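Taking it in order: structure first as structure tokens, then the write-up.
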Number of protein chains: 4
Amino acid sequence: MTSKKKEKYDLILEAALKVFAEHGFHRSQVSKIAKAAGVADGTIYLYFKRKEDILISLFREKLGELVGKFHMHIEQTTGVKEALRKVCEIHYTELENNVDLAFVTQIELRQSSLELRKEIGKAVKPYIELIEKLLVQGVEENLFRADLDVKLTRLLLFGAMDEVVTSWLISGRKYSLSAQVDGTVQFFLQGIQA
Amino acid sequence: MTSKKKEKYDLILEAALKVFAEHGFHRSQVSKIAKAAGVADGTIYLYFKRKEDILISLFREKLGELVGKFHMHIEQTTGVKEALRKVCEIHYTELENNVDLAFVTQIELRQSSLELRKEIGKAVKPYIELIEKLLVQGVEENLFRADLDVKLTRLLLFGAMDEVVTSWLISGRKYSLSAQVDGTVQFFLQGIQA
Amino acid sequence: MTSKKKEKYDLILEAALKVFAEHGFHRSQVSKIAKAAGVADGTIYLYFKRKEDILISLFREKLGELVGKFHMHIEQTTGVKEALRKVCEIHYTELENNVDLAFVTQIELRQSSLELRKEIGKAVKPYIELIEKLLVQGVEENLFRADLDVKLTRLLLFGAMDEVVTSWLISGRKYSLSAQVDGTVQFFLQGIQA
Amino acid sequence: MTSKKKEKYDLILEAALKVFAEHGFHRSQVSKIAKAAGVADGTIYLYFKRKEDILISLFREKLGELVGKFHMHIEQTTGVKEALRKVCEIHYTELENNVDLAFVTQIELRQSSLELRKEIGKAVKPYIELIEKLLVQGVEENLFRADLDVKLTRLLLFGAMDEVVTSWLISGRKYSLSAQVDGTVQFFLQGIQA
DNA sequence: TATGAATGAGAGTTCATTCAT
DNA sequence: CATGAATGAACTCTCATTCAT
């Protein structure tokens with residue numbers, strides 16, 4: 001029963017991901033999601049309290065998976081710099097290979113109330129903290145500047161990558177996103193100075 | 001008459017800024033904006049084709065003003081690095097001193113369709129290009145790396161600053177935004193490397 | 001403008017009376033009322049806050065008219081007993097001649113929440129108080145028993161008439177309601193007579 | 001098995017009485033009743049065809065019990081007048097001592113369609129006929145007026161008592177209901193007395 | 001230009017009822 | 001007999017936009 005319930009829960013989530021990516025959150029009627037999932041409208045409400053809950057749950061699940069991948073790959077790396085490159089690489093390639101998810105995270109999820117954005121902020125936090133952890137480690141190993149403001153820098157790194165992804169999406173994905181990893185990581189490590 | 005028209009146009013825009021900042025785009029009814037501007041609902045439609053147009057126009061006007069300020073201040077600077085610091089300084093202080101505008105640009109404006117976001121992209125372009133121009137100049141003056149990918153880097157810089165502002169807003173503005181200028185610029189110039 | 005507004009207000013109220021009488025409150029969709037009134041659905045909400053407000057307003061207006069008629073006719077009577085007969089006569093004939101109103105007051109209005117019934121109770125109060133006033137006057141004139149519990153008796157009179165009307169309606173109006181005036185009044189007077 | 005069936009039937013009815021009394025008919029979801037009865041939603045439909053059937057059955061059962069009590073007590077009385085007082089006494093005390101039932105009969109049961117009200121009318125009939133029987137007997141014994149319209153009077157008596165109960169409920173039960181018996185009966189007897 | 005009353009399409013959500021297990 | 005997950009019809013209310021004045 002639990003597995004069956006879980007199945008339908010995931011079924012709806014998968015359907016929602018597709019519908020949100022194609023039509024955007026506000027233009028995605030619950031009935032459209034239900035139809036895509038092959039269930040009745042009312043069934044949605046057996047698994048989610050409100051329409052917004054689908055969005056939040058979707059984000060939590062998918063971001064959870066992503067953070068899992070980050071941790072998994074980073075464990076296999078040997079140095080902090082290498083790990084940081086891995087983070088950027090996963091960030092770019094995962095979203096490049098999963099355009100639906102990219103649209104939802106970069107475009108649709110932002111189309112929400114301040115209240116919801118705080119909720120999303122909580123879900124993003126583990127990722128931001130992962131970056132911070134690497135920064136702290138780098139400072140301890142004397143690889144990064146001793147006076148580095150890690151709280152500020154984690155935002156700068158995340159924001160920089162985030163903007164690259166969004167810009168790539170809005171441009172219509174006319175170039176390779178993963179090809180930007182080198183330039184991005186070099187910028188992170190060296191800055192722009194000659 | 002044209003000046004009078006301009007006056008009412010601005011009147012509506014100012015009212016919209018306040019209303020959007022307080023209630024968010026989707027919760028800001030046209031009638032609420034009209035009331036705040038002291039005009040009739042229908043009058044709005046003499047100056048703006050659709051509700052979304054108010055948002056776009058607001059952004060264009062305000063961003064235009066901002067870009068103007070950037071140009072004005074940069075002309076008074078002597079070097080590229082100094083100019084880049086000035087850009088960051090203006091970016092942070094202007095939004096810190098104009099919280100309404102900050103809310104609209106960082107939160108509400110993102111709550112829009114892909115179509116609208118493209119429109120916004122066009123309005124942001126002059127700013128992004130201003131950054132790019134400084135980067136190109138820096139490379140030419142051998143201040144920045146010769147192999148710098150300026151198209152990518154302009155996004156990284158903008159994205160990094162953008163995230164810092166958004167994060168500051170969502171956190172509830174518990175710390176000084178302008179105090180982040182030093183750390184941000186240092187990161188831009190030096191990167192994180194020791 | 002005010003008269004025009006008043007006109008549409010009444011238009012909706014008249015339409016609602018017909019629709020409520022025919023289909024009952026819960027089966028009367030707002031769209032049905034709007035159609036009957038020849039206005040758009042949304043227009044209803046320019047004059048009434050919620051669907052329930054239509055019912056309450058309808059009751060207030062109609063009961064207000066009725067109480068007005070009571071007062072008007074009673075002023076023309078000479079004695080208390082005659083006045084009491086007039087009350088019963090108006091009660092029965094008005095509802096007999098306005099079956100739609102009768103249905104709404106006797107059947108549909110009762111189909112409401114305890115909260116709403118209290119609201120209705122307030123609207124009925126002037127009528128109950130009118131009856132009480134007559135009873136007090138009768139006691140003072142030694143026409144009615146000196147030990148008469150006027151608070152209780154006003155309920156007994158109102159309830160008795162109310163039940164006669166409801167029963168007449170539910171029976172399918174197979175007999176004359178106004179023909180019950182004599183029997184009712186005789187019962188009342190003998191009951192309260194000194 | 002039949003007794004077991006009867007048990008569950010009563011179980012649901014008792015649960016429904018409580019739920020209806022607390023939340024009202026329209027706000028009492030079938031699932032809420034099922035939960036209160038400790039059965040599954042679907043089980044309700046093994047005993048009742050529709051939600052309304054629960055209400056009707058509830059009324060029939062409870063009113064049947066009441067009418068039984070009336071008959072039982074009246075048999076023990078010696079005169080018609082005494083019997084009539086007993087009727088009023090039972091009417092008031094039974095509902096005063098069973099507030100849940102009072103709420104359902106006076107408030108919730110009225111919240112139903114004309115169709116249902118006819119159904120309820122049938123259930124009330126034995127009680128009304130009981131009153132009529134007493135009236136006829138009284139007339140035969142020359143205790144009551146010879147020209148008494150018993151069909152009308154039975155309604156007047158029932159309606160008067162009904163209104164007293166409803167008014168007592170809506171007022172928030174701030175006074176004793178059974179204390180109204182004397183005043184009520186005195187009014188009745190004087191009204192119909194020979 | 002300006003008004004603001006009127007429009008009416010649109011969608012989230014509830015819940016009585018069913019039926020496969 | 002019993003279950004409870006699934007169904008899907010039903011309906012109120014909002015609000016961007018229009019247009020007669």
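None of the values given here were measured: they were computed from a predicted structure. Keep in mind that the numbers below use all heavy atoms, side chains included, and drop hydrogens, waters and symmetry copies. Throughout, a chain's letter reflects where its sequence line sits, starting with A, and its residues are numbered from 1.
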A/Lys51 NZ to E/dT13 P, straight-line distance once rounded to whole Å: 8 Å
Whole-Å distance separating the NE2 atom of A/His23 from the C1' atom of E/dG10: 16 Å
Distance, rounded to the nearest Å, where D/Arg27 contributes CZ and E/dC15 contributes P: 10 Å
Partner of D/Phe20 under ring-ring contact (aromatic ring centres under 6.0 Å, His included), chosen from D/Phe59, D/Phe103, D/Phe25: D/Phe25
Minimum-distance nucleotide (side-chain atoms of C/Ala40 versus F/dC1, E/dT7, F/dT3): E/dT7
Watson-Crick and G-U pairing of DNA chain E written in dot-bracket, each distance under 3.5 angstrom, with | for inter-strand partners: .||||||||||||||||||||
Worked verdict on A/Arg60 versus A/Ile56 for side chain to side chain contact (heavy atoms under 4.5 Å, CB included): CA-CA 6 Å; A/Arg60 280 212 191 106; A/Ile56 297 174; 3.8 Å; yes
Spacing between B/Ile44 atom CD1 and E/dG4 atom P, to the nearest angstrom: 13 Å
Carboxylate-amine/guanidinium contact D/Glu14 D/Lys62, below 4.0 Å: yes
side-chain N/O C/Lys8 vs E/dA6 OP1/OP2, d < 4.0 Å: yes
Interatomic distance, A/Phe48 CZ vs E/dT14 C1' [rounded to whole Å]: 18 Å
Distance, rounded to the nearest Å, where A/Leu11 contributes CG and F/dT7 contributes P: 11 Å
Atom-to-atom span, CZ of C/Arg50 to P of F/dT12 - whole angstrom: 13 Å
First of D/Val39 and B/Gln29 reached from the 5' end of DNA chain F, by closest nucleotide: D/Val39
Within 6.0 Å of NZ in A/Lys32, more than 12 heavy atoms from elsewhere: yes
Check against side chain to side chain contact (heavy atoms under 4.5 Å, CB included), A/His26 and B/His26: CA-CA 10 Å; A/His26 284 106; B/His26 282 106; 3.3 Å; yes
Rounded distance in Å - OH (C/Tyr9) to P (E/dA5): 17 Å
Nearest-nucleotide 5' precedence on DNA chain E, A/Thr43 against B/Gly38: B/Gly38
With C/Leu58, the side-chain contact (heavy atoms from CB on, under 4.5 Å) member among C/Asp53, C/Leu17, C/Leu101: C/Leu17
First of C/Ser31 and B/Val30 reached from the 5' end of DNA chain F, by closest nucleotide: C/Ser31
Sequence neighbours excluded - side-chain hydrogen bond (donor to acceptor under 3.5 Å, both in side chains) pairs with any residue from residues 36-46 of chain C: none
Exceeds 12 heavy-atom contacts within 6.0 angstrom, atom NZ of C/Lys51: yes
Please list, pair by pair, any protein nitrogen or oxygen found under 3.5 Å from a nitrogen or oxygen in nucleotides 18-20 of chain E.
none

Geometric class of the A/Phe48/A/Tyr9 ring pair [parallel <30°, tilted 30-60°, perpendicular >60°]: parallel
